[in-house]
2 protein chains.
Amino acid sequence: MASADQESSEPAGFDGARARMRLRVPSVAERVAEELRYQLAEGFLVPGAKLTEATIAEDLGVSRNTVREAFAELAGERLLIRQPNRGVYVATLEAGDIHDVYTVRRAIEVSSIRAGGSPERIAAVRAAVEEGKRAAAANDNEGLGSANQHFHGAIVALAESGRLDTIMAQVLAEMRLYFHKATMNAHFYSDWLTENEQICSALEAGELERAGDLLLAYLNRSEQQQTAIHGA
Amino acid sequence: MASADQESSEPAGFDGARARMRLRVPSVAERVAEELRYQLAEGFLVPGAKLTEATIAEDLGVSRNTVREAFAELAGERLLIRQPNRGVYVATLEAGDIHDVYTVRRAIEVSSIRAGGSPERIAAVRAAVEEGKRAAAANDNEGLGSANQHFHGAIVALAESGRLDTIMAQVLAEMRLYFHKATMNAHFYSDWLTENEQICSALEAGELERAGDLLLAYLNRSEQQQTAIHGA
DNA sequence: GATCGCTGGATTGTTGAACAATCCAGCGGA
DNA sequence: TCCGCTGGATTGTTCAACAATCCAGCGATC
């Protein structure tokens with residue numbers, strides 16, 4: 001995640017020959033981090049749970065030092081929290097954090113969509129919308145969730161900024177961690193499915209201001225909903 | 001930096017008693033990271049320079065493993081770049097990165113100022129402006145630079161989002177790394193000194209749209225200047 | 001003369017063990 | 001009930017070793 005989109009700031013096909021084809025074999029620490037990220041996203045590790053170095057080292061068959069390195073990486077992404085001399089815990093979003101996260105999303109998503117983007121990038125947004133429709137038709141709740149994330153990720157990708165992409169990826173990971181599948185019932189999905197359609201249409205029509213307004217309204221409402229569900 | 005503003009998302013004086021007064025004694029790894037950050041900001045370590053684990057471990061009198069942990073932290077902040085099995089190098093901003101960085105700044109700075117902020121936060125912006133004036137009067141080039149950074153940091157702080165604050169801090173650190181003091185001659189400063197004044201006045205007057213437009217114009221021009229100087 | 005393959009040295013990646021520092025729970029005494 | 005102590009557990013840090021990888025240099029070959 002944090003490593004896959006490093007190169008995405010390159011204008012596609014600009015100086016193709018020079019591309020860094022560096023055959024990445026992820027290090028052990030990275031694979032441990034990846035495994036933990038997976039378990040976090042999947043809800044196998046719930047917020048607040050304690051992660052003991054020795055235990056995880058043994059479970060994954062790696063050295064404690066390596067686990068430590070993975071912990072440092074995930075702590076940098078705010079997925080884990082390190083309490084000095086006390087251990088690392090799965091991050092928990094407090095009431096204020098919800099607003100905080102949505103503030104970030106408002107900043108980068110609205111800014112990205114207001115600036116428009118290349119036809120290819122816009123097509124990617126459209127693709128995410130269609131992906132959502134297909135998932136809805138198939139009653140695939142899981143697919144609906146990721147389709148929505150792809151949609152918002154594609155919006156940020158309009159800006160062609162690798163840094164914004166990684167920031168967005170981290171924020172989405174944080175939200176996945178806390179708003180796990182259980183809390184995301186089908187009720188929500190029906191709402192934004194048509195809304196994403198509208199936003200995408202406005203974007204395709206070049207009505208960037210309106211697209212931005214729609215997106216902003218969605219984010220505000222979404223924040224309200226999440227705040228209502230979780231702590232006041 | 002990345003550790004000092006962790007708590008800034010708390011509404012000031014909300015539940016003061018509960019505050020985490022946890023007497024932070026920074027770990028060795030953190031102090032190593034801090035030292036490296038300092039050397040990076042000070043230009044003692046130039047972009048592209050190679051950092052050998054063993055050398056730094058010996059220089060700072062710590063273990064190689066600890067240096068490793070610090071490297072991981074700084075790599076997460078994009079200040080260092082890890083090339084697997086080849087070593088870590090001080091990050092270098094390519095031509096595309098300049099646009100990338102300014103894209104982030106446009107997103108979060110403009111968004112923050114457009115949403116306004118509490119009187120205290122606005123006062124902090126004003127304070128940064130005055131700080132710049134004093135530095136200018138004293139011909140303190142160094143002080144001018146940090147005053148400008150404080151100004152833009154204060155603008156982001158309007159949003160009261162700890163996450164935006166750390167993002168901004170990282171971006172500013174990246175820029176300090178590349179646009180070191182040498183490239184920032186007094187010519188630039190005279191420009192934005194009056195401009196910051198205007199932006200701040202508009203903010204104080206509640207003319208948020210205008211403040212945002214001015215800020216956006218400044219960022220666009222600043223990007224142009226930097227692009228003109230460094231690689232096309 | 002250029003390319004290929006090898007080899008040795010240097011650096012990073014990872015492990016395992018050890019010890020110090022710190023925290024926590026439980027226990028006993030005032 | 002509160003205080004302080006103590007033992008056990010976990011983290012922080014170091015050290016040493018080895019495997020994996022890369023790089024520069026050097027011949028050998030065509």
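In what follows, every chain begins at residue 1, and chains take the letters A, B, ... in the order their sequences are listed.
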Separation of [X] atom [atom1] from [N] atom [atom2], in whole Å?
X	N	atom1	atom2	result
A:N65	D:dC18	CG	P	18 Å
B:E53	D:dC15	CD	C1'	15 Å
B:N85	C:dA10	CG	P	18 Å
B:E30	D:dT11	CD	C1'	13 Å
A:I56	D:dT11	CD1	P	9 Å
A:E58	D:dT10	CD	P	12 Å
A:L51	D:dT10	CG	P	13 Å
B:F71	C:dT12	CZ	P	8 Å

Nucleotide of [options] approaching [X] most closely (side-chain heavy atoms):
X	options	answer
B:R64	D:dT11, D:dT13, D:dA17	D:dA17
A:R68	D:dT14, C:dT14, D:dT13	D:dT13
A:V28	C:dG13, C:dT14, D:dT13	C:dT14
B:S63	C:dG16, D:dC15, D:dT10	D:dC15

Upstream residue (5' side of DNA chain C) when B:A54 and A:V62 are each assigned their closest nucleotide: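 The answer here is B:A54.
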Contact class for B:V88 vs. all strands (heavy atom < 4.0 Å): base, sugar-phosphate, or nothing?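 Nothing, no heavy atom under 4.0 Å.
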Any salt bridge linking A:R163 with B:D97? Criterion: basic side-chain nitrogen under 4.0 Å from a carboxylate oxygen.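 Result for this pair is yes, salt bridge flagged.
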Specify the closest pair of heavy atoms between B:E174 and B:E77, including all atoms of both residues, with the distance to one decimal.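 That closest heavy-atom pairing would be CG-O, 4.3 Å.
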Assess the residue pair B:E223 and B:R106 against the criterion (salt bridge (charged side-chain N to carboxylate O under 4.0 Å, His left out)); give the C-alpha distance rounded to whole Å, side-chain angles, the decisive distance to 0.1 Å, and a yes or no. CA-CA 10 Å; B:E223 175 183 349; B:R106 273 187 289 266; 2.8 Å; yes
Which distance, rounded to the nearest 0.5 Å, do you find between the OG of A:S146 and the CG of A:L172?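 Atom-to-atom, A:S146:OG and A:L172:CG are 11.5 Å apart.
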Could you tell me the separation between the CD atom of B:E35 and the CD1 atom of B:I56, rounded to the nearest 0.5 Å?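 Spacing of CD (B:E35) from CD1 (B:I56) equals 9.5 Å.
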Does C:dG13 have OP1 or OP2 sitting under 4.0 Å from an N or O in the side chain of A:T66?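 So the side chain of A:T66 is outside the cut-off, no N or O lying under 4.0 Å from OP1 or OP2 of C:dG13.
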